[in-house]
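Down below is the structure, laid out as C-alpha cells.
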Amino acid sequence: MRLLVTFAGGTGHFLPTLPYARELSGRGHEVRYACQQAMLPVVEAAGFPALDTGGATLLPVDERRPLTPVDRAHEQRVVADFFVARVGTERAARTRALIADWRPDLVLRDEMDVGAGVAAEAAGVPSADVVVIAAGGFLDPGLVRPPLEQLRARHGLASDPGPRPLHGDLTLDPVPPGLRDPADPLPGSAIAVRPPILDDVAASDAAPPVGPDTRRSIYLTLGTIFAQESGDLFPRLLAGLRELDVDVLVTVGRELAPVELGPQPARIRVERFVPLAEALEGRHLVVSHAGSGTVLATLALGLPSVLLPMGADQPWTADRCRALGVSRVLDPLSCTAAEVATTVLELLGDCPEQRRARAVARQAAQLPTTADAADLLLALARGGPA
C-alpha cells in the first residue's frame with residue numbers, strides 16, 4: 001500500500017506525522033513525503049524519500065528578529081492569508097499532480113496542510129490529518145472559510161456547508177485529555193490517540209523520583225522557528241537559570257549556533273537539536289515557548305512547565321495550560337531573570353502544577369496507541385470504516 005504524507009510548515013508540522021509514517025513503513029508499506037524544499041533534508045535524514053510541493057519557507061539561517069508583542073488577531077489572519085490562500089493554493093496544485101503521478105492509497109497530512117487535503121479530495125483519494133494545533137481556538141472559521149471555499153472551487157469541489165471544513169476523512173488527535181479548548185471541538189471524524197512520545201518514553205520514567213538530595217534537571221527550548229525571533233529572551237532565561245543549582249539542557253534550533261548564547265557553566269548544555277524524547281527524559285521541568293508539539297509531549301510525560309508564548313497558536317496553548325493548572329505563564333517581553341528563577345524554583349518544589357500534570361499524563365497513557373492509529377489509517381485506505 002502507498003502512503004503519501006504531507007505537511008505545510010517546518011519541523012513542528014513534520015514531527016507529528018512521523019510516528020505514523022514509521023509505523024506503516026515498518027509494516028512494509030511504501031511511504032513518501034511531500035513538503036517545502038527547505039525541509040527535504042530533514043525528512044530524508046529521518047529515512048524517507050521526499051518531494052518538493054512548495055509552501056511555507058523557513059527564515060534565512062542568518063536572520064534574527066527582535067521580540068514583538070503578541071497580536072492574536074494578526075496570527076489568525078496569517079492562517080487565512082498565508083497557510084490557506086497562498087500556501088494552500090500552491091500545495092494543492094503540486095500535491096494533486098503528485099497524486100496523479102504516484103497514485104497513493106491514502107494521504108496523511110498535518111492539520112494545517114489544507115492544500116493537500118483539497119488535492120486528495122479532488123483526486124478521490126481518502127485522507128487523514130494529524131492535529132498540530134493542540135489547544136484549538138486558533139483557527140477562526142470566519143477568516144478561513146472564504147479562501148478555503150475559493151481553493152475548493154478552483155479544484156472543482158463544492159463549498160463545504162460544515163462549520164469546520166478543514167479536516168480529512170479521519171482526524172488523529174494525539175493531544176492529552178483536557179488540553180483542547182472545549183469551545184472549539186474537533187469534528188466527529190476525530191479519534192483521540194496516545195501522544196506518540198509515550199512510544200519512546202514511559203510517563204512513569206519521565207522524571208526520576210524527587211527527594212531532598214535529588215538534583216533537578218530542566219529542558220529549555222524556544223522551538224525551531226521562534227528561536228530566531230526571540231530577541232534577548234534566551235539570555236534573560238539563562239541569566240535566571242544560572243542562579244539556580246540545576247542542570248539545564250538548552251536546544252536553540254538548527255539555524256542558531258550554541259556559541260551565540262555565549263559561554264555557559266558546565267551544568268548548562270546548549271545544543272542545536274536533540275530529539276524530543278531524549279530532551280525530556282529524566283527532566284523535572286520544561287521551560288518553553290508553548291509550542292504545540294513541546295507542550296503536548298511535556299504534558300504526556302506529566303511534567304509541569306513555564307511557558308513564554310511568542311506567536312502562532314502559542315498564546316492559546318498557554319491559556320489552556322494555565323486553565324488546567326499545569327503551567328505558569330510569563331510575558332516573554334517583560335520577564336526578568338529574577339522572575340524566571342523564582343518561578344522555576346516554585347515549580348521544582350511540591351506544587352499543584354506537578355500533581356495536575358501527572359494526572360493528565362495518567363489519562364493520556366490510556367488512549368489508543370500509535371499502532372492502533374496505524375490500523376485505522378489502513379482501514380481508511382482500504383475503504384473500510386475508520
Any chain of hydrophobic side-chain contacts (each under 4.5 Å) joining [X] to [Y]?
| X | Y | answer |
| --- | --- | --- |
| Val43 | Tyr20 | yes |
| Leu67 | Leu330 | yes |
| Val340 | Val246 | yes |
| Ile99 | Leu106 | no |

Quick check on side-chain contact (heavy atoms from CB on, under 4.5 Å): which of [options] does [X] satisfy it with?
| X | options | result |
| --- | --- | --- |
| Arg283 | Val248, Asp247, Leu249, Ile218 | Leu249 |
| Tyr33 | Leu51, Leu108, Thr53, Leu18 | Leu18 |
| Val131 | Asp173, Leu296, Asp110 | Asp173 |

Basic-acidic side-chain contact under 4.0 Å: [X], [Y]:
| X | Y | result |
| --- | --- | --- |
| Arg215 | Asp245 | yes |
| Asp350 | Arg355 | yes |
| Arg27 | Glu23 | yes |

task: For the pair His13 and Phe83, name the ring-plane relationship: parallel under 30°, tilted 30 to 60°, perpendicular over 60°.
output: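 Parallel, since the angle between the ring planes stays under 30°.
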message: Check the orientation of Phe14 and Phe7. Use parallel for under 30°, tilted for 30 to 60°, and perpendicular for over 60°.
response: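 Plane angle between 30° and 60°, so tilted.
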task: Kindly give the heavy-atom pair with the smallest separation between Val70 and Gly311, and that separation in Å.
output: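 Val70 and Gly311 have their closest heavy atoms at CG2-N, 4.4 Å.
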task: Taking all non-hydrogen atoms of both residues into account, name the closest pair between Pro304 and Leu347 and its distance.
output: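 Shortest heavy-atom separation between Pro304 and Leu347 comes out as CG-O, 4.3 Å.
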- prompt: Does the side chain of Gln264 pick up a donor-acceptor pair with the side chain of Arg242 at under 3.5 Å?
  reply: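 Their side chains do contain a donor-acceptor pair, which is all the 3.5 Å distance test asks for.
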- prompt: Under 3.5 Å, is there a donor-acceptor pair between the Ser288 and Tyr219 side chains?
  reply: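 No.
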- request: Just jot down the salt bridge (charged side-chain N to carboxylate O under 4.0 Å, His left out) partners of Asp199, sequence neighbours excluded, or say none.
  value: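 Arg194.
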task: Using the test side chain to side chain donor-acceptor pair (under 3.5 Å), find all partners of Glu353 that sit at least two apart in sequence or belong to another chain.
output: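 Checked Glu353 against side chain to side chain donor-acceptor pair (under 3.5 Å); matches are Arg328.
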- request: Check whether any side-chain heavy atom of Val295 sits under 4.5 Å from a side-chain heavy atom of Leu307, and report yes or no.
  value: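 When only atoms from C-beta onward are counted, Leu307 and Val295 do touch, with a gap below 4.5 Å.
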